[in-house]
Amino acid sequence: MAQVFLSLGANLGDTKVALQGAVEAIEKVARLIKSSGFYETEPWGNPDQLWFLNAVVEIETDLEPLPLLHAIKEIEKKLGRKPRFESNAPREIDIDILFYDNLVFESDTLQIPHPHIADRLFTLTMLNEIAPNFLHPILKKNIAILLNECEDSSIVRPANGHKSAKKTRDTV
């Protein structure tokens with residue numbers, strides 16, 4: 001079984017329902033180990049859109065990376081994601097593979113680890129909540145250290161009264 005971290009995000013429609021639906025659908029193809037709280041996050045890369053609701057989940061799966069990606073794309077489609085051709089566009093649901101064990105993998109459709117993890121405060125905040133000691137296989141730093149070093153200043157705040165606080169320099 002592979003240890004995999006997925007990021008979930010949505011900023012169109014009922015975002016809470018979308019994330020909950022994504023978690024339920026993921027549980028049909030993998031074993032859910034942990035889930036971060038839900039966070040409201042400023043749009044990354046394209047600020048002229050609605051804020052996102054995001055979460056990170058840890059799963060175990062027997063699926064190899066490309067079949068897992070295919071299963072994720074099917075989940076997104078079933079949850080109403082519409083094709084858009086611009087990068088960082090608004091979306092009904094988005095599920096990304098962040099890490100797959102300690103694998104370093106690149107194909108035409110998938111790069112593992114996700115290439116922007118260390119640049120995205122929202123991803124690191126949620127990863128730090130559930131796996132602060134997980135070691136990035138390329139950067140050779142754990143999530144807590146990457147969070148402490150992250151220069152992204154976008155706003156990341158717990159949704160629905162979740163207790164985790166946004167990043168501070170003393171989180172390591």
Side-chain angles (χ1 to χ4, degrees), residues 4-59 61 63 65-100 107-131 143 146-147 150-167:
V4 178
F5 293 92
L6 304 174
S7 68
L8 316 174
N11 72 339
L12 294 177
D14 189 330
T15 56
K16 185 176 179 183
V17 168
L19 265 59
Q20 290 170 334
V23 171
E24 291 170 9
I26 289 165
E27 287 182 296
K28 293 178 182 174
V29 298
R31 181 172 167 250
L32 181 67
I33 304 299
K34 290 181 191 172
S35 178
S36 74
F38 288 179
Y39 288 78
E40 295 172 345
T41 64
E42 236 178 326
W44 191 92
N46 180 0
D48 296 327
Q49 59 181 312
L50 298 170
W51 280 43
F52 279 80
L53 188 66
N54 291 97
V56 167
V57 296
E58 177 186 356
I59 61 170
T61 183
L63 294 173
L66 291 175
L68 176 60
L69 178 64
H70 178 73
I72 287 168
K73 294 303 171 195
E74 286 299 312
I75 290 168
E76 289 177 340
K77 189 175 174 181
K78 287 178 184 173
L79 292 173
R81 180 161 180 174
K82 294 175 181 52
R84 292 180 177 83
F85 301 101
E86 60 185 282
S87 183
N88 299 311
R91 57 204 78 133
E92 295 79 8
I93 188 68
D94 183 42
I95 306 170
D96 289 329
I97 299 171
L98 300 174
F99 294 108
Y100 185 103
S107 74
D108 292 340
T109 57
L110 180 61
Q111 187 175 349
I112 302 173
H114 191 285
H116 298 292
I117 290 171
D119 303 323
R120 293 180 175 174
L121 179 60
F122 72 92
T123 303
L124 290 169
T125 298
M126 292 174 280
L127 276 168
N128 191 62
E129 182 181 327
I130 64 173
I143 299 304
L146 291 173
L147 175 62
C150 184
E151 295 181 7
D152 180 7
S153 62
S154 61
I155 297 170
V156 177
R157 61 184 180 219
N160 302 324
H162 183 70
K163 291 184 180 180
S164 292
K166 74 182 210 183
K167 174 195 160 190

> What residues form a ring-ring contact (aromatic ring centres under 6.0 Å, His included) with His116, not counting sequence neighbours?
Replying inline: Trp44, His114

> Between Ile155 and Phe122, is a side chain to side chain contact (heavy atoms under 4.5 Å, CB included) present by the stated rule, with each step listed?
Replying inline: CA-CA 8 Å; Ile155 297 170; Phe122 72 92; over 6 Å; no

> So how far is it from Met126 CE to Glu58 CD, rounded to the nearest 0.5 Å?
Replying inline: 15.0 Å

> Less than 4.5 Å apart, any side-chain heavy atom of Pro65 and any of Ile112?
Replying inline: yes

> Minimum heavy-atom separation for Cys150 to Ala118, with atom names?
Replying inline: SG-O, 3.7 Å

> So, for Leu53 and Ala159, which heavy atoms are closest and what is the spacing to 0.1 Å?
Replying inline: CD1-CB, 3.7 Å

> Just by distance, do the side chain of Ser36 and the backbone of Ile130 share a donor-acceptor pair under 3.5 Å?
Replying inline: no

> What are the two closest heavy atoms between Ala22 and Ile95, and how far apart are they?
Replying inline: CB-CD1, 4.1 Å

> Is the shortest heavy-atom distance from the side chain of Val29 to the side chain of Thr61 under 4.5 Å?
Replying inline: no

>> So Phe5 and Ile97, do their side chains get closer than 4.5 Å, heavy atoms only?
In response: no

> Looking at side-chain heavy atoms only, is the closest gap between Leu66 and Ser107 below 4.5 Å?
Replying inline: yes

> What distance separates Glu42 CD from Ser153 OG, expressed to the nearest 0.5 Å?
Replying inline: 7.5 Å

>> Test of understanding: with side chain to side chain donor-acceptor pair (under 3.5 Å), list the residues that count as partners of Glu76, not counting sequence neighbours.
In response: Lys73, Arg81

>> Can you give me the closest heavy-atom contact between Ile143 and Asn128, atom names plus distance?
In response: CG2-N, 3.5 Å

>> Against Thr41, only a single residue in Thr125, Asn54, Thr123 fulfils side chain to side chain donor-acceptor pair (under 3.5 Å); can you say which?
In response: Asn54

> Any side-chain heavy-atom pair from Asp119 and Asp152 closer than 4.5 angstrom?
Replying inline: no

> To the nearest 0.5 Å, what is the distance between CG (Leu12) and CZ (Phe52)?
Replying inline: 7.5 Å

> Distance from Ile72 atom CD1 to Ile26 atom CD1, nearest 0.5 Å?
Replying inline: 6.5 Å

>> Nearest 0.5 angstrom please: His70 NE2 to Ile75 CD1, how far?
In response: 10.5 Å

> Can any side-chain N or O of Glu92 pair as donor or acceptor with the backbone N or O of Leu79 at less than 3.5 Å?
Replying inline: no

> Do Phe38 and Lys16 have side chains that get closer than 4.5 Å, going by heavy atoms?
Replying inline: yes

> Below 4.5 Å, heavy atoms only, C-beta onward: do Asp96 and Leu6 meet side chain to side chain?
Replying inline: no

> Looking at Glu129 and Tyr39, what are the two nearest heavy atoms and their distance?
Replying inline: OE1-OH, 2.6 Å

>> Can you give me the closest heavy-atom contact between Leu127 and Phe99, atom names plus distance?
In response: CD1-CE1, 3.9 Å

>> Is the shortest side-chain heavy-atom distance between Ile33 and Ile59 below 4.5 Å?
In response: no

> Just how far is it from atom OG of Ser7 to atom CG of Asp94, taken to the nearest 0.5 Å?
Replying inline: 6.0 Å

>> Strictly distance-based, threshold 3.5 Å: is any side-chain N or O of Thr15 a donor or acceptor partner for the main-chain N or O of Asn11?
In response: no

